[in-house]
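A quick write-up on the structure given underneath.
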Amino acid sequence: MPLTLSAKYLEGFIAPHELDRVTTQVNAAHKLMHYAKLGTEPGPGSDFLGWVDLPEKYDREEFERVKLAAKKISANSDVVIVIGIGGSYLGARAAIEFVRSPFYNNLKKDTPDIYFSGNNISADYINELISICEGRDVSLIVISKSGTTTEPALAFRIFRDLLTKKYGADGLKDRIYCVTDKARGTLKQLADAEGYESFVIPDDVGGRFSVLTPVGLLPIAIAGIDIDAMMQGAIDAREKYAECDLENNDAYRYAALRNCLYRRGKSIEMLVAYDAAFTQMAEWFKQLFGESEGKDGKGIFPASAIFSTDLHSMGQFIQDGSRNLFETVINIERPNQDLYIESDAENADGLNFLSNQNLSIVNRKAMEGTILAHTAGGVPNIILTLPEKSAYEFGWMVYFFETAVAISGYMSGVNPFDQPGVESYKKNMFALLGKPGYEDLRAELEAKI
């Protein structure tokens with residue numbers, strides 16, 4: 001099994017009957033998610049359930065265009081700038097670091113360096129990225145449903161101007177690729193008018209669920225990752241998680257266990273991995289669960305840590321602090337390459353007790369020791385085990401978490417597919433920047449600053 005769940009370390013934290021008592025809610029959530037097939041009533045956000053059958057029903061023709069575009073970009077580019085925010089970039093970045101390496105841009109490789117922009121408004125960040133592009137061939141991938149989201153739209157304006165000066169207006173057709181709405185919006189209109197190749201963000205797939213669409217697949221393919229294997233992982237996961245069975249459906253079981261812990265006052269989930277390659281995957285996870293569940297005064301707060309690194313900064317709090325959190329530990333069984341620890345004749349560092357074994361064994365024992373310490377200290381641990389870091393495992397894992405958050409959100413009584421709270425900061429920002437139509441709000445806000 002590519003991904004397996006162990007509840008071994010929840011003993012004493014969740015009584016067996018608690019899972020039985022949430023079974024009715026899990027069944028109801030299942031019916032909301034699969035209402036079209038089951039002939040039941042649709043639930044909140046039903047217009048955004050396209051990700052459920054995406055692994056089987058994705059556009060094969062466009063999928064092949066993604067692969068062709070990736071080859072073209074790889075052949076004529078030293079640097080690719082992926083412009084997007086939130087779900088428009090997190091999944092791709094997570095895949096590249098998980099499957100290839102956190103050091104992807106520094107590897108010896110036959111694929112372009114890939115950088116991400118449009119996810120912040122830092123002048124230093126943009127200027128440093130511009131300097132990286134100097135003297136190198138650059139292509140842009142701009143990802144936006146509307147084309148008017150402030151952060152990516154600003155970055156696109158800046159880098160499009162940079163490429164126009166370098167290649168001329170006609171040269172942009174081979175340098176700019178748009179992932180956007182199939183028919184509407186500023187970006188789609190621009191792509192059609194200027195002749196930029198464009199790919200579709202499906203109407204029924206929300207941004208944070210879009211990594212297995214061209215949103216994520218184009219940058220991932222440029223990085224030389226096998227997107228056929230990735231989709232196969234998602235296809236197999238979809239088949240595995242199709243039935244409402246808490247004994248055999250780990251995605252549903254994970255959702256149920258999280259809700260049981262939440263009802264016991266565990267309102268923070270710390271997603272933990274013992275591999276730095278999981279860092280950006282954890283960022284994707286935080287958006288997926290934070291935007292999906294954090295509504296109506298409800299929700300488990302998603303946090304993350306990389307151990308053993310963060311044990312030297314967060315370990316004290318986790319061990320002895322407030323007992324309002326639980327951990328979900330990602331256990332990756334096999335590294336891509338191991339490292340044998342040699343013995344040292346002088347043993348000045350006192351580490352010869354670690355000699356004559358692989359570094360992965362040391363990492364595993366650190367994980368096991370930490371799990372035992374934290375559970376003894378009152379922190380429940382859920383263990384999710386992956387055999388390895390591969391494209392197939394990534395596709396499976398994405399579908400696992402997407403399924404789990406949909407079930408978990410419905411169990412909490414929220415719409416897992418909207419994000420109304422995100423709009424509040426945007427209104428204030430627009431007003432303070434002087435956007436037309438926000439004059440009254442601007443005056444009100446400036447009086448409070």
Side-chain angles (χ1 to χ4, degrees), residues 3 51 81-105 114-122 125 129 141 143-144 149 151-152 155 205-213 215-220 223 225 230 254 258 268-294 299-311 313-314 318 325-332 382 384 386 389 391 393-402 404-405 408-409 416 419 421-422 425:
L3 185 152
W51 61 270
I81 309 293
V82 180
I83 297 174
I85 195 167
S88 294
Y89 90 98
L90 281 170
R93 187 169 183 180
I96 291 166
E97 295 202 8
F98 179 80
V99 180
R100 294 295 306 269
S101 169
F103 302 112
Y104 169 79
N105 285 341
I114 299 175
Y115 292 93
F116 296 87
S117 187
N119 50 48
N120 62 65
I121 320 175
S122 166
Y125 185 99
L129 192 48
I141 300 172
I143 305 167
S144 176
T149 304
E151 295 90 339
V205 178
R208 58 187 176 273
F209 290 83
S210 67
V211 61
L212 299 179
T213 74
V215 169
L217 294 176
L218 182 55
I220 290 168
I225 295 170
M230 186 172 290
Y254 173 57
R258 295 175 76 252
I268 299 171
E269 178 176 16
M270 182 78 72
L271 186 71
V272 170
Y274 286 74
D275 190 322
F278 204 83
T279 302
Q280 291 301 317
M281 188 66 194
E283 295 301 310
W284 175 83
F285 166 91
K286 287 190 286 190
Q287 186 201 6
L288 179 69
F289 279 77
E291 278 196 353
S292 297
E293 290 192 300
I300 299 169
F301 183 83
S304 66
I306 298 297
F307 290 166
S308 62
T309 305
D310 292 330
L311 287 173
S313 57
M314 295 294 293
I318 296 169
L325 61 85
F326 67 96
E327 291 173 287
T328 296
V329 179
I330 304 297
N331 169 31
I332 301 170
I382 299 170
L384 299 178
L386 292 168
K389 295 177 291 185
E393 306 296 339
F394 182 86
W396 184 294
M397 180 169 50
V398 162
Y399 198 84
F400 170 88
F401 281 125
E402 289 177 344
V405 79
S408 187
Q419 52 279 338
V422 175
Y425 92 88

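Start at 1 with the first residue, then count along the sequence. Every heavy atom of this structure was used, including side-chain atoms; hydrogens, water molecules and symmetry mates were not.
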Nearest-0.5 Å distance that lies between atom CD1 in Ile83 and atom CG in Leu129 | 8.5 Å
Which atom names give the shortest non-hydrogen contact between Gly118 and Ile85, and what distance separates them?
-> O-CB, 3.5 Å
For the residue pair Ile382 and Phe326, establish whether any side-chain heavy-atom pair is separated by less than 4.5 Å.
-> yes
If you round to the nearest 0.5 Å, how far is CZ of Phe401 from CG of Leu3?
-> 7.0 Å
Walk me through it: do Glu97 and Thr279 pass the test side chain to side chain donor-acceptor pair (under 3.5 Å)?
-> CA-CA 8 Å; Glu97 295 202 8; Thr279 302; 5.5 Å; no
Examine distances only and state if a side-chain atom of Ser210 and a backbone atom of Gly207 form a donor-acceptor pair shorter than 3.5 Å.
-> yes
For the pair Arg258 (side chain) and Ser408 (backbone), establish whether a donor and an acceptor sit closer than 3.5 Å, ignoring hydrogens and angles.
-> no
Search all heavy atoms of Phe289 against all heavy atoms of Ala404 and return the closest pair with its distance.
-> CZ-CB, 4.5 Å
Please examine the side chains of Ile143 and Tyr89, heavy atoms only from C-beta on, and report whether any two atoms are closer than 4.5 Å.
-> no
Criterion side chain to side chain contact (heavy atoms under 4.5 Å, CB included) on Leu212 and Trp51, from CA distance to verdict = CA-CA 8 Å; Leu212 299 179; Trp51 61 270; over 6 Å; no
Calculate, to the nearest 0.5 Å, the distance between atoms CD1 and CG belonging to Ile332 and Leu384 respectively.
-> 11.0 Å
Minimum heavy-atom distance Phe278-Leu271, with the two atoms named | CE2-CD2, 3.7 Å
So, do Phe394 and Ile225 sit near enough that their side-chain heavy atoms are less than 4.5 Å apart?
-> no
In this structure, CZ of Phe301 is separated from NZ of Lys286 (nearest 0.5 Å) by 7.5 Å
Which atoms form the tightest heavy-atom contact between Val215 and Gly87, and what is the distance?
-> CG1-O, 3.6 Å
Where the side chain of Thr149 meets the backbone of Pro152, is there a donor-acceptor pair that is under 3.5 Å apart?
-> no
Trp396/Leu386 under side chain to side chain contact (heavy atoms under 4.5 Å, CB included): CA gap, chis, key distance, verdict | CA-CA 10 Å; Trp396 184 294; Leu386 292 168; 5.9 Å; no
If you measure from CG on Leu325 to CE on Met314, what distance do you get to the nearest 0.5 Å?
-> 8.0 Å
Exactly one candidate in Glu283, Glu402, Glu291 meets salt bridge (Lys or Arg N to Asp or Glu O under 4.0 Å) with Arg208; the answer is Glu291
In terms of heavy-atom contacts, Gly216 and Ala92 come closest through O-CB, 3.9 Å
Is any side-chain heavy atom of Val82 closer than 4.5 Å to a side-chain heavy atom of Leu218?
-> no
Considering only heavy atoms from C-beta outward, does the side chain of Asn120 approach that of Glu151 to under 4.5 Å?
-> no
Apply side chain to side chain contact (heavy atoms under 4.5 Å, CB included) to the pair Ser292 and Phe209, showing each step before the final yes or no.
-> CA-CA 10 Å; Ser292 297; Phe209 290 83; 4.0 Å; yes
Minimal non-hydrogen separation, Ala155 against Ser117, with atom names | CB-OG, 3.6 Å
How long is the gap from CE on Met230 to CE on Met397, to the nearest 0.5 Å?
-> 9.0 Å
Do Glu327 and Phe307 touch side chain to side chain, with heavy atoms closer than 4.5 Å?
-> yes
Is Tyr425 atom OH crowded by more than 12 heavy atoms from other residues, nucleotides or ligands, each under 6.0 Å away?
-> yes
Could you give me the CA-CA distance, side-chain angles and deciding distance for Tyr274 and Val329, then say whether side chain to side chain contact (heavy atoms under 4.5 Å, CB included) is met?
-> CA-CA 8 Å; Tyr274 286 74; Val329 179; 4.0 Å; yes
